Amino acid sequence: MEKYESVITVVFQFVGKVPAPFSTSSLFAENLLKGEKLWNDPGTAGNLMLQKILAEQGAADHDDGKIHIRTTELKTHNERMAFQKLVGLPPYSDLTNAVGILIGGLEKAGRLISVKTTSATPLPNGETIISTRGAQRRLFFMNQHGVCFTVDSQLLIAVDKLEGAKFFATEEELDAAGVELWGENGTGRWRVLVAPIGEEICGLFEFGEMTNLGKRPEGRINDLSL
């Protein structure tokens with residue numbers, strides 16, 4: 001099996017239950033550890049069968065809204081080809097390109113929120129060059145009443161349920177649009193951070209006020225106005 005001098009590690013973060021194929025693929029260390037933790041003889045036929053059952057059922061990853069991780073270390077040609085197929089990337093793609101991997105992964109896993117890649121390349125003198133790249137989903141938008149929302153990276157909002165919303169590529173662009181509409185010396189209620197507080201999803205206003213947005217926050221977000 002062909003090995004490369006450099007090793008690429010890819011870490012995925014999901015919100016809630018990890019979907020197939022990420023929950024079932026043997027490329028990911030966490031899927032293999034499920035079986036090892038519950039079986040005393042890892043590597044045997046019985047353990048491998050248990051791993052398969054647990055992976056198919058997603059036993060370790062409940063739909064709890066918490067962050068779950070999948071990690072893979074790509075050392076060989078076969079591992080890299082299998083990874084590209086799993087994520088939906090063209091052959092011989094740049095597997096350090098976190099943005100490309102995140103975009104590809106989103107086609108199969110809507111709960112995927114971030115990707116981090118690390119490559120380790122040894123030098124002839126014994127040193128190693130480490131390179132890290134990251135990509136994460138973010139959401140910046142203005143609702144139909146002109147209120148500006150920045151969504152915490154660990155939350156998923158159903159954008160198709162945001163009525164009349166305007167979306168922005170960066171927080172700076174969103175803020176500029178808010179200033180243009182309300183002025184820099186507005187009430188402070190037109191800037192809202194949507195974030196989890198304990199078990200609740202809340203809207204945090206600029207001057208410390210807070211409102212509960214409920215388990216399905218899109219409706220309250222649509223209604224918020226000054």
Side-chain angles (χ1 to χ4, degrees), residues 8-25 27-31 33-34 55 58-74 83-89 93-119 131-143 148-162 165-175 191-204 212-221:
I8 298 173
T9 302
V10 185
V11 180
F12 293 90
Q13 284 192 329
F14 300 86
V15 173
K17 187 177 179 65
V18 178
F22 297 93
S23 64
T24 58
S25 173
L27 284 173
F28 298 105
E30 291 81 2
N31 293 342
L33 286 172
K34 290 178 186 176
D61 301 308
H62 304 291
D63 192 5
D64 52 12
K66 296 181 180 179
I67 301 300
H68 296 281
I69 294 174
R70 287 296 181 274
T71 306
T72 183
E73 194 173 75
L74 306 173
F83 179 81
Q84 289 168 356
K85 183 177 180 180
L86 182 144
V87 179
L89 299 174
S93 295
D94 178 6
L95 297 186
T96 67
N97 181 0
V99 173
I101 294 172
L102 178 56
I103 292 173
L106 284 172
E107 294 293 325
K108 297 187 176 183
R111 292 179 177 272
L112 178 60
I113 60 170
S114 75
V115 172
K116 178 182 177 181
T117 66
T118 302
S119 64
S131 176
T132 300
R133 301 168 72 179
Q136 66 175 197
R137 294 168 68 172
R138 294 303 309 268
L139 184 59
F140 310 104
F141 67 95
M142 178 185 289
N143 76 357
C148 297
F149 295 86
T150 297
V151 180
D152 185 278
S153 62
Q154 296 186 3
L155 285 180
L156 295 181
I157 300 294
V159 295
D160 58 325
K161 295 181 180 179
L162 300 176
K166 297 179 182 179
F167 299 95
F168 298 84
T170 67
E171 189 171 8
E172 289 75 18
E173 290 182 4
L174 171 65
D175 198 61
R191 291 186 178 97
V192 182
L193 170 64
V194 181
I197 305 294
E199 299 296 321
E200 304 295 334
I201 299 176
C202 298
L204 306 175
N212 191 330
L213 299 176
K215 297 295 184 182
R216 301 181 184 277
E218 294 83 6
R220 286 280 291 123
I221 287 173

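Please read these numbers as outputs of a predicted model, since none were measured by experiment.
Atoms OG1 and CD1, from T118 and I8 in turn, are 10.0 Å apart once rounded to the nearest 0.5 Å. For the atom pair CD1 of I197 and CG of N212, the computed distance is 10.0 Å after rounding to the nearest 0.5 Å. Within the model, atoms CG of L112 and CZ of R70 stand 12.0 Å from one another, a figure rounded to the nearest 0.5 Å. Between the NZ atom of K215 and the CZ atom of R220 there is a distance of 15.0 Å, given to the nearest 0.5 Å.
The aromatic rings of F12 and F28 sit perpendicular, their planes meeting at an angle over 60°, well past the 30° parallel limit.
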> side chain to side chain contact (heavy atoms under 4.5 Å, CB included) between T150 and D175: does it pass, once the steps are laid out?
Replying inline: CA-CA 10 Å; T150 297; D175 198 61; over 6 Å; no

> Under the side chain to side chain contact (heavy atoms under 4.5 Å, CB included) criterion, do F167 and V159 qualify, and how do the steps go?
Replying inline: CA-CA 10 Å; F167 299 95; V159 295; 4.2 Å; yes

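Checking each of L213, V15, V194 against L155 for a side chain to side chain contact (heavy atoms under 4.5 Å, CB included) leaves exactly one that passes, namely V194.
Taking all atoms of both residues into account, the shortest heavy-atom contact from C148 to M142 is SG-CE, 3.7 Å. The two atoms that bring H68 and V18 nearest to each other are CB-CG2, 3.6 Å, heavy atoms only. R111 and K17 make their closest contact through CD-O, 3.3 Å (heavy atoms, listed as atom of the first residue, atom of the second, distance). For the residue pair I157 and P217, the shortest heavy atom distance occurs at CD1-CG, 3.6 Å.
Counting only heavy atoms from C-beta outward, the side chains of F140 and E173 never approach each other to under 4.5 Å. The shortest side-chain heavy-atom distance between I69 and V11 falls under the 4.5 Å cut-off. Between F22 and L86, the closest side-chain pair of non-hydrogen atoms falls below 4.5 Å. At least one side-chain heavy atom of R137 sits less than 4.5 Å from a side-chain heavy atom of L106. The shortest distance between side-chain heavy atoms of I221 and V192 does not fall below 4.5 Å.
In terms of modelled atom types and a separation under 3.5 Å, the side chain of T71 and the main chain of A29 share no donor-acceptor contact. Here the side chain of E218 pairs no donor or acceptor atom with the backbone of K161 at under 3.5 angstrom. Without hydrogens or angle criteria, R138 side chain to V151 main chain gives a donor-acceptor distance under 3.5 Å.
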Taking only distance into account, with no hydrogens and no angle test, what donor-acceptor pairs under 3.5 Å do side-chain atoms of residues 93-102 form with protein atoms, sequence neighbours excluded?
unit_1 : atom_1 : unit_2 : atom_2 : d
S93    : OG     : P90    : O      : 2.5
D94    : OD1    : T96    : N      : 3.0
D94    : OD1    : T96    : OG1    : 2.7
D94    : OD2    : T96    : OG1    : 3.4
D94    : OD2    : R133   : NH1    : 3.3
T96    : OG1    : R133   : NH1    : 3.0
N97    : OD1    : V99    : N      : 3.3
N97    : OD1    : G100   : N      : 3.2

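S114 is linked by a side chain to side chain contact (heavy atoms under 4.5 Å, CB included) to Q13, Q136, counting only residues two or more places apart in sequence or in another chain. Residues forming a side-chain hydrogen bond (donor to acceptor under 3.5 Å, both in side chains) with E73 (at least two apart in sequence, or on another chain): K75.
Other residues, nucleotides and ligands place more than 12 heavy atoms under 6.0 Å from the NZ atom of K108.
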